[in-house]
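First comes the structure, then the notes that go with it.
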Amino acid sequence: MNIKSNEIASLIKQQIKNYSHKVESNDVGSVVTVGDGIASVYGLDQVMLSELLEFPHGVFGMAMNLNEDSVGAILFGNDSLIEEGDIVKRTHRVVEVPVGDGLLGRVVNSLGQPIDGLGEIKYDHTRPIERIAPGVMTRKSVDTPLETGIKAIDTMIPIGRGQRELIIGDRQTGKTAIAIDTIINQKGKNVLCVYVAIGQKNSTVVQLVEKLKEHDAMSYTTVVSATASELAPLQYIAPYSGVTIAEEWMEQGKDVLIIYDDLSKHAVAYRTLSLLLKRSPGREAYPGDVFYLHSRLLERACKLSKDYGGGSITALPIIETQAGDITAYIPTNVISITDGQIFLQTELFNAGQRPAIDSGLSVSRVGSAAQFKCVKSVAKSLKIELANFHELQAFAQFGSDLDDATKRILIHGNVLMEVLKQNQYQPKTFVEQTIEIFTAQNRFMDDLDIDKIKDFLDGLMIELKKDYNYLLDEIYNTKTLSSDVETKLIEAIKNYKEAYIN
Ligand code: ATP
Ligand code: MG
C-alpha cells in the first residue's frame, strides 16, 4: 500500500494530538527542594489539598500547601531517599487508613500499617482521614455515662458517651494513668477503644500496650502510635487516623472511646511542619490555623441520633501544661473546644492525693445528664463541700483554736479526700462508688483515723457482698438509691462499723 508523505505527516500529527489527550501533564511533578520531611514539588497544578502523593522508593507524601507555582508536601517516609528532580505522581486519593474489626488488638502507625509484628491487618475497606464532622441534625445529647471507674471523676466530673473531656496537667501528674484506667474499665461495657500516642517515647508506648494486655483490654482496643522518633508529618496525622478508625465503628452504631495522648505534642509537630512549609508564625510561633487543627479533630466526637445508628465517639484529649499554666495558648484553645476538663495538680500529686484531680478547676458541662441517679444523689454536694474544705484549710494553717463547726468541716473534708484516693488499675463499679461516697456522706468515718479509711471501706465492701448482695443487686439494676435501700444500707454499715471498732 502506498502512503503519501503528507498523509504520514497528518497521521503522526493525529497521534501526537491523541497522545497529549491521554496523559495529563499535571499528574506528575518534580521535586524542587527536599529536607526535614518536607518537599516542594513543581508541576502538580491540579492536586487536591491532603492528596496522597507518590515519591520514588516507596515514599508517600501529602499535599499541604497549594502555592501558585509549587506544592508543599509533607513526607511519610525517609526523606533522605528523595532527591531534587525526582518524579512525583498524583494518586487522586486523599490519605486513607484501613478500618474495621481487624484493627482490634493491634498497634498501628499513623497510616494504619501494623507495627506490632502480628502480621497483616485484615480489612475490607479504607476511609479518608479527613472528613467533615457529623452535623447538628444527626446528633443527640449525651444520655449514657462513660464510666471511667475512677471515683473522683464518675462522681464529680461525670463523662457521657459522645462527650469531649480534656485531661490537663503538668508532666508526670497521672494524665495517662486516667486514660488507661478508663480503657481498662470498659471491659464488658460494649465500648471499643482507640488510644493515639503522639510524640511519646517508644518504650512508654510498649509498656502501655503490655499493661493493656495484662488487664485483658487489648481485645477491644486499637493503639495508633506516632512516637517522638517519628517524623513530624506522621505525628501530625496520627489523631486524624485514630478518629477515622473510631468513626467506622460509630457509624455501625457502636460506642467508641478515643484518647489523644497528647495534643500539646501534636500542636508542636504541626508547628514544626508549618514553619518548614514557610507558613507564617503567630502567637507562640504556632501557625494561625492551630485552633482549627484541634477543633476539626474534636468536633468529630459526638453521639449520633437513633436515625443514624445511635453510635458515639467519646474523646479524651490530653494536654500537658507548663508549671500549671492553663491559660497558655494551646490549653485555652482545647479547653474552649471541649465540654469540660479534668485538671491534675502537681502539688496534690506530690502530697499523695492520687489521682491528683483539682475538684475546683475541673468541670464536666454535659456529663451529669448521663450520670446514674444513685451516683448523682450521693455526690451532689461533694464539690461544694470540698471547696469549703479547701478554703478553710488555708485559714486553719494560721490559727490553732478553731470552733467546732470548722473542725467538723475540716475532718469531714479530710475523709472525703481520702475516699477519693484511688490506685492505678483498680477501677470501681458505680455500685461500689455509690456505697463508698454514701458511707462518707453519712459521716460513718469522720471519727476514724485517716489511714484506716481505705481498710474500713475495703472491709465494708467484702461484708456487703457477703451478706447484703441483694442490696448491691438492687442498686445495680435500678441505678437508683431508694429510701428503702438507704435505710437497710445504713443498718448494714452500722453493724459493720460496730464489729470493726471492737
Ligand atoms: P507524662 O507527662 O510523662 O506523660 P503523665 O501525666 O501521663 O506523665 P503518668 O505517666 O500517668 O503521668 O503517671 C506518672 C506516674 O504516677 C506513674 O509512675 C504512675 O504510675 C503514677 N501514678 C499515676 N496515677 C496514679 C495513681 N492513681 N496512684 C498511684 N500512682 C499513680
Ligand atoms: Mg503521659
Side-chain angles (χ1 to χ4, degrees), residues 107 147-157 165-185 193-212 214-215 217 221 223-230 235 238-239 242 257-269 315-326 328 330-331 334 341-359 361-362 416-428 432-433 436 451 453-454 457-458:
V107 185
E147 297 167 66
T148 63
I150 298 167
K151 283 181 270 184
I153 297 179
D154 289 351
T155 56
M156 292 190 291
I157 323 150
E165 182 81 11
L166 170 65
I167 301 172
I168 185 166
D170 279 5
R171 55 178 297 278
Q172 291 289 304
T173 48
K175 303 183 295 298
T176 305
I178 287 183
I180 298 311
D181 280 353
T182 307
I183 293 184
I184 289 171
N185 195 45
C193 304
V194 180
Y195 176 85
V196 186
I198 310 160
Q200 300 191 39
K201 278 189 302 210
N202 224 337
S203 57
T204 316
V205 180
V206 170
Q207 275 171 13
L208 185 143
V209 172
E210 282 309 311
K211 275 288 171 209
L212 289 179
E214 211 176 280
H215 290 89
T221 304
V223 175
V224 179
S225 169
T227 54
S229 58
E230 239 133 341
Q235 295 183 40
L257 165 71
I258 185 161
I259 286 145
Y260 305 111
D261 195 359
D262 65 56
L263 290 187
S264 320
K265 299 195 183 76
H266 182 237
V268 168
L316 299 182
I318 295 178
I319 286 279
E320 183 185 303
T321 49
Q322 310 291 330
D325 183 11
I326 53 172
I330 302 298
V334 183
Q341 70 276 346
I342 296 168
F343 183 52
L344 301 172
Q345 255 204 3
T346 312
E347 290 85 63
L348 286 173
F349 189 85
N350 292 343
Q353 182 69 35
R354 300 177 188 181
I357 295 171
D358 181 322
S359 58
L361 287 175
S362 301
L416 290 179
M417 291 297 276
E418 191 61 28
V419 172
L420 292 177
K421 283 185 189 167
Q422 194 169 342
N423 279 335
Q424 260 180 296
Y425 317 118
Q426 291 175 11
K428 301 248 174 193
E432 289 168 329
Q433 296 185 11
E436 292 194 6
D451 52 3
I453 284 178
K454 188 176 179 315
L457 285 175
D458 289 349

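Numbering of ligands and ligand atoms starts at 1, following listing order. Heads up: numbering here begins at 1 and tracks the sequence.
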Mark up the atoms of ligand 1 that fall under 4.0 Å of a heavy atom belonging to E320, in ascending order.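 Ligand 1 atoms under the 4.0 Å threshold to E320: 2 (O).
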At less than 4.0 angstrom from any non-hydrogen atom of Q422, what atoms of ligand 1 do you find? 26 (C), 27 (N), 28 (N)
Within Q172, is some N, O or S atom less than 2.8 Å away from the Mg ion (ligand 2)? no
Option from K175, E320, Q341 for which side-chain contact (heavy atoms from CB on, under 4.5 Å) with I168 holds: Q341
My understanding is that only one of I180, V223, I167, I183 makes a side-chain contact (heavy atoms from CB on, under 4.5 Å) with I259; could you say which? I183
Quick one: does K175 get an N or O within less than 3.5 Å of an N or O on ligand 1?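 Right, the criterion is met.
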Polar contacts were defined as any N/O atom of the residue lying under 3.5 Å from an N/O atom of the ligand; does this apply to F349 and ligand 1?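 No, no N or O pair falls under 3.5 Å.
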Top protein contact for [atom], by heavy-atom distance:
atom	value
atom 29 (C) of ligand 1	R354 CD, 3.8 Å
atom 15 (C) of ligand 1	Q172 OE1, 3.7 Å
atom 21 (C) of ligand 1	Q424 OE1, 3.7 Å

Are P355 and ligand 1 in contact, using a heavy-atom cut-off of under 4.0 Å? yes
Any heavy-atom pair between the side chains of R171 and D262 that's under 4.5 Å?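 When only atoms from C-beta onward are counted, R171 and D262 do not touch, as no gap falls below 4.5 Å.
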Is the shortest side-chain heavy-atom distance between I198 and P239 below 4.5 Å? yes
Does NZ in K454 sit with more than 12 non-hydrogen atoms of other residues, nucleotides or ligands closer than 6.0 Å? no
Backbone of D154 reached by a side-chain donor or acceptor of E147 within 3.5 Å: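 A pair under 3.5 Å: no.
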Does Y260 have its ring centroid less than 6.0 Å away from the ring centroid of H266? no
